[in-house]
Amino acid sequence: RRSAAEFVPEGADLAALRSAAQTCRGCDLYADATQVVFGDGPESAELVVVGEQPGDVEDRRGEPFVGPAGRLLDKALAEADLIRGGVYLTNAVKHFKHTERGKRRIHKTPGRTEVVACSPWLTAELALIRPRLVLCLGATAAKAVLGNDFKVTERRGQVVALDEYEVVATVHPSSVLRAPDRDEAYRAFVADLRGVREHLG
Ligand code: URA
Ligand code: SF4
């Protein structure tokens, strides 16, 4: 089956990965997107944050987490004493999946097929960075890293030890923006990030 695997160059550094991803055709999502949105941040990062997929703003700008969810994430990271500049930010899926409704582009959650097809990029990023901890934002990211059966609702904030790194899953910042009690959802999100900060020491 199709996947990004054949587009991932061997022995590449992060810059070479990023440039190879521009022409990925590992699934159909490239066709309706403006551009690929690859991960961003230092190769020396101890913490990698994985989101779902770029949103509308990210798709136009070509950078991860620069829209409304990204602003909330930045604020929460800062409150948890985690500095965005020291974190590598990326997504489980690197192209924006959406439908058009008039002039608006509506986010569509990527399916398992797209997550699996795109996973060679995330695997390659993690193999180069070798972080101590991977923080997954939302169910799509958590399933991409921890397997399809993982349930964020049952295990948010818990440290899961894998061979290569530890993993913590929490909710997606977009879900905080949509929550009926936004303040409470935000406090719980920051608490999970503080847990990560304390765990890293
Ligand atoms: N949501 C994500 O999951 N990733 C982004 O880069 C932006 C919004
Ligand atoms: Fe390639 Fe991932 Fe984009 Fe699909 S979503 S075309 S696998 S980079």
Side-chain angles (χ1 to χ4, degrees), residues 1-9 12 14-41 45 47-77 84-85 87-99 104-126 134-146 152 156 168-179 185-186 189 192-193:
R1 75 153 81 214
R2 278 171 74 202
S3 98
E6 65 184 281
F7 299 92
V8 179
L14 269 181
L17 280 186
R18 179 175 296 109
S19 93
Q22 311 302 315
T23 50
C24 182
R25 303 288 184 260
C27 75
D28 293 334
L29 292 185
Y30 73 89
D32 293 332
T34 309
Q35 59 190 320
V36 78
V37 178
F38 206 69
D40 185 41
L47 176 63
V48 169
V49 173
V50 182
E52 182 195 76
Q53 64 166 355
D56 179 71
V57 180
E58 289 81 10
D59 171 81
R60 296 174 200 279
R61 294 208 8 214
E63 293 167 61
F65 288 108
V66 290
R71 270 198 299 283
L72 185 137
L73 176 64
D74 281 354
K75 185 162 170 275
L77 284 171
R84 173 169 173 145
V87 175
Y88 185 87
L89 298 172
T90 192
N91 285 296
V93 169
K94 263 86 172 154
H95 276 106
F96 177 38
K97 182 175 183 178
H98 61 280
T99 49
R104 299 218 319 137
R105 302 193 301 167
I106 313 292
H107 163 278
K108 281 183 82 178
T109 304
R112 185 70 188 161
T113 314
E114 288 137 355
V115 171
V116 170
C118 205
S119 68
W121 292 117
L122 181 59
T123 301
E125 288 172 293
L126 292 172
V134 177
L135 175 67
C136 298
L137 304 178
T140 299
K143 287 170 186 287
V145 174
L146 293 166
V152 177
R156 73 178 283 182
V168 172
T170 184
V171 297
H172 194 281
S174 300
S175 79
V176 176
L177 290 170
R178 288 191 312 262
Y186 180 72
F189 183 59
D192 285 343
L193 300 192

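Indexing begins at 1, ligand by ligand and atom by atom, following the structure's order. Just the heavy atoms: all of them, side chains too, but no hydrogens, waters or symmetry mates, feed the values below.
Scanning both residues, Phe65 and Thr90, for their nearest heavy atoms gives CE1-O, 3.8 Å. Closest of all the heavy-atom pairs between Leu77 and Leu193 is N-CD1, 3.7 Å. Counting all heavy atoms, side chain and backbone alike, Val50 lies closest to Asn91 at CG1-C, 4.0 Å. The heavy-atom pair separating Ala124 from Leu17 by the smallest distance is CB-CD1, 3.7 Å.
For the ligand labelled ligand 1, residue Glu63 lies outside the 4.0 Å heavy-atom shell.
Panel note: side chain Arg18, backbone Phe38; no donor-acceptor pair is recorded below 3.5 Å. At distances below 3.5 Å, not a single donor-acceptor pair connects side-chain atoms of Glu52 with backbone N or O atoms of Ala141. With Glu63 contributing its side chain and Glu58 its backbone, the two residues share no donor-acceptor pair below 3.5 Å.
Residue Phe65 has at least one nitrogen or oxygen atom sitting less than 3.5 Å from a nitrogen or oxygen atom of ligand 1, judged on distance alone. Every N/O-N/O distance between Glu58 and ligand 1 stays at or above 3.5 Å.
For the atom pair CG (Leu29) and CG (Asp32), the distance works out to 8.0 Å, reported to the nearest 0.5 Å.
Of all protein atoms, those of element N, O or S that lie under 2.8 Å from atom 2 (Fe) of ligand 2 number 1.
Taking every non-hydrogen atom of Glu52 and a distance limit under 4.0 Å, the qualifying atoms of ligand 1 come out as 2 (C), 3 (O). Residue Pro64 approaches ligand 1 through these ligand atoms, each under 4.0 Å from one of its heavy atoms: 6 (O). Applying the 4.0 Å criterion to heavy atoms of Gly51 picks out, from ligand 1, the atoms 3 (O).
For atom 4 (N) of ligand 1, the closest non-hydrogen atom of the protein is Asn91 OD1, 2.6 Å. Nearest non-hydrogen protein atom to atom 3 (O) of ligand 1 is His172 NE2, 2.6 Å.
Taking a cutoff of 4.0 Å between a charged side-chain nitrogen and a carboxylate oxygen, Asp28 and Arg2 qualify as a salt bridge.
Remark: of the listed residues Gln53, Lys97, Lys108, Lys97 is the sole one forming a side-chain hydrogen bond (donor to acceptor under 3.5 Å, both in side chains) with Glu114.
Contact annotation for Gln53 and ligand 1: only backbone heavy atoms (N, CA, C, O) come within less than 4.0 Å of the ligand.
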